[in-house]
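This report refers to the structure that appears directly beneath it.
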Amino acid sequence: MPVYATGLSDSESPFTLGSTTPPLLFEWSVSNEDVITVEPVFAQSGVYYKAQHNVAMRVRTRNAGEALLRLRVSQSPGAFNQISNNAVLVDEVQIQVFEKLSLTHPTNCDSTFLMTPNTNGLIKTNRDGSATISYSILGDQASSIVTVNHQGVVTSSDALGQVSVLVVAHERFGLNQSTIVLVKVKPVLYVYINCDTKLTTTDKKLHVFPVGLNLEFSTSFYDNVGAKFDSTNINVEHRLNRYDLLQLQPGVVNISFVARVAHQGSSLFKVWDQRNPRIEDYASVAVGSIITSEQPVTFGDVLKFTTPLLTGEGQRGTWSSSDPSVIRINSDGVAIATGPGTSTLELNLADGFVTQGQVTVKEIERVSLDLSNLPVLSNVQQDSPIEVNVDFGNTNNDVDSDIIKQVAGLVQPMFKCSLHPVRPNTPELALFNVYPAFNTVTGNYYCGIRQISDQAVRFKSKSETQFNLKVTVDSQRRQKAVQSTPVTLTFLPGFQVHSPQNSKLTSKNRNIELLVSGPEKVLQNLKISWNDTSLINIGSPVVKGGGSVAYQVQLLDGAQPIVRETTTNIEFYCEVINLAQIISIKVTTVIEENVIKVDSLDPIPGWGGIFYGSVIVTPLLMLITICIIIGVAMTASQRSHDPRTDAHFLHTPPPTYTTHAEDYLSPTKRSPYASPYDTYGTSPRRRPRQQRSPTLWSTKGYDPQEGTLPASPSSG
């Protein structure tokens, strides 16, 4: 049942109330939704208006009972005195819903044909053309209410009432089928505007009809109990409250219309009975763009346009842009704002239906660089460029990764990046190439800083300096020039470990000084570790001046004796510039043999003394030599199988560090970078572990036999 808002006087018609500027707000409600519901005029077509367009509504019954229909009319925010005293108008009506009469036994019920007086109607059956159909009026054949001819045309007179018509189908195989049609002649109580255009949408509702859509309207008529007429003779008139938004033409079927929604706006559509103007209905046709962005679009934004409207097959249609210099868009609706201005986006939903909407792209008003996690520049060779994110004050930052991948080929950075030294004549500037780019993973614009592989320039870079990084958006069509505030980046060259003149630790030379040169900030963050804490210890750094520090490498007093020379690796690492250097120290301990000197014995004159000395001293010397060889062999064997070797440096088991390198050498702090200078080796993390030979120097080339002793050197 149609309902609409109207005033107390003829001048306060739905036309008047629905055409105010700013619009009035019409809020409808019911007291019991189990009995009745109220919905917008075109809810069955998938369009649910907002309050300003709901001057007319539809009431639908659900169950028998009583309910109140309420209407609250108020002014739009900011409006003044549209309603007297700025009041809120409220009205309500009580609606009683009764249950329709129907047979419970028998369950089959004959048809009803409802028509108005002085009307012609046609009774049709499913056997027309297949069987011979006859029509007759039951009871008084000379009825003054209706007549029926042999073709099934029913003609009503001025009289009201009802007549039963017998319809018989005479089948060719000798069987007759019959049914009774109850023809009712009644007056029309109200007229109803229908929208025959059905829109396919997603779960999201439309609030307006899309621009460019052709709408088909029809009218239907109802009696006092809500039954729809099958045939009427009413001449319907129609009218629009404005003719610039909606183009209305008569349809092919009687009492139907076709509307072309060419412009955005709201129009009121009225139909009424020419002979009885009180039989009328109203519908608000709100037309707008369904192609909009939820947030303002700024030059450079990446976004995806979607609408709830689908094709008849449930597809989303294809997209296009009228001005690619403003918005470039692919067929799926993924777009990049390529410049300030306004572009018309079109959505082709096939079957000749193309809807469109205008999207405005704002110019970039400010630009800045992300100050979080600013990088440190260095001459240490890098495997990948440095990225510093650029912020344009955009609101469309949360973009799905799948959308970013689709738009990757459309993005062309609209800014420039520049790197300038704080001090003039800085050769380190030649190390870097700066460029603008778009990250296809995060969806962020950034300034990329790529290192140039120039060993000569890298070797000359030995002092700390600063660079200013700046972003510039050049002036172009509808975009003024914008610059960011420069951001200062620090350049730190790598450190260098100088080779000592004597890199061998012995029992006599128990200390070696390692000199490391570099900028102060690098030296302050330098960490040191070594792979054998049972052999050596490294003291705290001592500042030497001139950008260098010294480390004292000491041979431990309690170190086990070593006959064969071994190598200990010492690694220097700076996390700030991610650089590691290694220097190798050779270690050996000389055993001080308790050698008995012959000259220290009392001389024995003559041959007798010589014989006496040979008999006493020679066996003693042989016994001492054999003991020394056995002891050294056992010590060396233990030394060759000592677990405290390279395993310390390779973290198995964890080493003990000095206080100035306590947190270094965790498995995650691996340096893949080489020194910018001439290094003395690579990190043992990146070199195969050297295997020591278990062969003793004293037994080299000797293949012992069971039960024998090695021959003395003199027996050789």
Side-chain angles (χ1 to χ4, degrees), residues 1-4 6 13-14 41-42 44-45 56-61 100-101 109-126 128 133 135 137 143-167 179-197 215-240 248-259 268-283 285:
M1 179 177 68
V3 292
Y4 46 83
T6 185
S13 66
V41 175
F42 303 117
Q44 299 299 308
S45 297
M57 298 286 281
R58 295 291 184 260
V59 173
R60 296 189 181 275
T61 60
K100 183 179 180 180
L101 176 64
C109 185
D110 289 332
S111 303
T112 300
F113 191 90
L114 184 60
M115 59 192 308
T116 57
N118 302 316
T119 305
N120 293 328
L122 179 63
I123 298 177
K124 294 182 180 181
T125 72
N126 62 330
D128 289 355
I133 309 298
Y135 307 90
I137 296 177
S143 173
S144 61
I145 300 175
V146 297
T147 60
V148 59
N149 62 14
H150 65 281
Q151 295 178 341
V153 177
V154 180
T155 303
S156 63
S157 63
D158 293 336
L160 303 178
Q162 59 187 27
V163 174
S164 296
V165 176
L166 177 64
V167 180
T179 185
I180 296 175
V181 178
L182 180 61
V183 179
K184 295 182 179 180
V185 180
K186 299 179 68 175
V188 171
L189 183 65
Y190 60 88
V191 63
Y192 193 100
I193 299 176
N194 305 291
C195 181
D196 299 328
T197 301
L215 297 177
E216 295 181 359
F217 297 106
S218 63
T219 55
S220 54
F221 303 90
Y222 296 83
D223 65 2
N224 58 339
V225 294
K228 183 179 178 181
F229 279 87
D230 299 295
S231 180
T232 66
N233 64 347
I234 294 178
N235 294 322
V236 175
E237 296 287 343
H238 70 277
R239 179 188 171 190
L240 296 171
L248 198 63
Q249 298 177 352
V252 177
V253 183
N254 191 24
I255 322 177
S256 64
F257 307 91
V258 176
L268 275 173
F269 177 31
K270 175 186 177 182
V271 296
W272 71 93
D273 182 1
Q274 185 180 33
R275 292 190 295 267
N276 187 2
R278 291 295 180 181
I279 300 177
E280 59 185 356
D281 191 21
Y282 297 85
V285 183

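Side chains are part of it too, since the values below use all heavy atoms of this structure and drop only hydrogens, waters and symmetry mates.
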Output all residues satisfying side-chain hydrogen bond (donor to acceptor under 3.5 Å, both in side chains) with [X], sequence neighbours left out; order by chain, then residue number.
X	result
S220	N194, Y222
Y190	none
S231	none
T6	none

Seminar exercise, completed: d(N276 CG, I234 CD1) to nearest 0.5 Å is 8.0 Å
Exercise. When rounded to the nearest 0.5 angstrom, what distance separates CG in N233 from OG1 in T116?
Worked result: 4.0 Å
For this session: Sequence neighbours left out, what pairs pass salt bridge (Lys or Arg N to Asp or Glu O under 4.0 Å) with at least one residue falling in residues 269-279?
Result: K270-E280
Please report the closest heavy-atom contact between [X] and [Y], naming both atoms and the distance.
X	Y	answer
V41	Y282	CG2-O, 4.4 Å
I279	V191	CG2-N, 3.8 Å
D196	F217	OD2-C, 4.1 Å

For this session: May I have the step-by-step check of salt bridge (charged side-chain N to carboxylate O under 4.0 Å, His left out) for D230 and K124, ending in yes or no?
Result: CA-CA 12 Å; D230 299 295; K124 294 182 180 181; over 6 Å; no
For this session: Step through it carefully: locate the ring centre of Y192, locate the ring centre of F229, and say whether they are under 6.0 Å apart.
Result: no
For this session: Check ring-ring contact (aromatic ring centres under 6.0 Å, His included) between F257 and all other residues, then give those that pass, not counting sequence neighbours.
Result: H238, F269
